[in-house]
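Notes follow the structure.
Model, not experiment: these values are computed from the prediction. Residue numbers run from 1 in the order of the sequence given.
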Amino acid sequence: QYETQVYAGSDFLLLPSIHEPCGINQLIAMRYGSIPIVREVGGLYDTVDDYNPITNRGNGFTFRRENTYELFAAIVRALENYRHRDSWLKLINKAMQQSNSWEIPAKKYIRLYRRAKRL
């Protein structure tokens, strides 16, 4: 219970991982409205898309290399976007509504299986 309160009460989740084979912390954080700042590695790369305020695409802030300069730049970008309340609230909404369940991929797999079965 306290863990979810921490996620829900924070604006950001910082995960500058060197190795991250899958990871679920960023998914939980987004569900509770905490925007992830992550290094582009493993599951973090697969689930967090770098936010672009011009196109309104992305659901967090990412950086590539293992160095403090890129980490710092990602944090600064996040804080700069945080200052623009309207777009920040839209980003939070988008992150919270993101689906990470198997429901959609499972339905696509079933459709593909049925199509292949007909051939």
So, for [X] and [Y], which heavy atoms are closest and what is the spacing to 0.1 Å?
X     : Y     : value
Leu13 : Ser34 : N-OG, 3.4 Å
Ala78 : Trp88 : O-CZ3, 3.8 Å
Gln98 : Thr47 : NE2-O, 3.7 Å
Ala74 : Phe61 : O-CB, 4.1 Å

Quick check: is [Y] connected to [X] through a chain of hydrophobic side chains (ILVMFWY, heavy atoms under 4.5 Å apart)?
X     : Y     : value
Val38 : Tyr32 : yes
Tyr51 : Val76 : no
Val6  : Ile28 : no

Checklist entry - Would Arg85 count as a cation-pi partner of Tyr82, with NZ or CZ less than 6.0 Å from the six-membered ring centre and within 45° of the ring normal? => result yes

To the nearest 0.5 Å, what is the distance between [atom1] on [X] and [atom2] on [Y]?
X     : Y     : atom1 : atom2 : value
Asp11 : Ile37 : CG    : CD1   : 10.0 Å
Leu71 : Leu14 : CG    : CG    : 5.5 Å
Lys94 : Ile35 : NZ    : CD1   : 9.0 Å
Gln26 : Tyr7  : CD    : OH    : 8.5 Å
Met30 : Asn59 : CE    : CG    : 4.5 Å
His19 : Glu66 : NE2   : CD    : 6.5 Å

Item to check | Test salt bridge (charged side-chain N to carboxylate O under 4.0 Å, His left out) applied to Arg64 and Glu70, step by step | outcome: CA-CA 7 Å; Arg64 287 199 178 121; Glu70 287 202 21; over 6 Å; no

Next on the checklist: Using the ring pair (Phe, Tyr, Trp, His ring centres under 6.0 Å) criterion, which residues pair with Tyr45? Sequence neighbours excluded.
Outcome noted: none

Checklist entry - Arg39 side chain to Phe63 main-chain N or O, any donor-acceptor pair under 3.5 Å? => result no

Next on the checklist: Can you confirm whether more than 12 heavy atoms, excluding those of Phe12, are under 6.0 Å from its CZ atom?
Outcome noted: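 Atom CZ in Phe12 is crowded, with more than 12 foreign heavy atoms closer than 6.0 Å.
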
Checklist entry - With a cut-off of 6.0 Å (strictly less than), are more than 12 heavy atoms of other residues, nucleotides or ligands near CG of Leu112? => result yes

Checklist entry - What do the steps show when you test Leu79 against Arg83 for side chain to side chain contact (heavy atoms under 4.5 Å, CB included), and what is the final call? => result CA-CA 7 Å; Leu79 290 172; Arg83 291 177 29 177; over 6 Å; no

Item to check | Leu15 side chain near Asn25 side chain, heavy-atom distance below 4.5 Å | outcome: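 Yes; the side chains approach each other to less than 4.5 Å.
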
Item to check | Side-chain touch Leu44/Val41, heavy atoms, less than 4.5 angstrom | outcome: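 In short, these two side chains touch, coming nearer than 4.5 Å.
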
Item to check | Cationic N near anionic O, under 4.0 Å, Arg77 to Glu80 | outcome: no

Item to check | Partner set under side-chain contact (heavy atoms from CB on, under 4.5 Å) for Thr55, not counting sequence neighbours | outcome: Asn52, Arg57

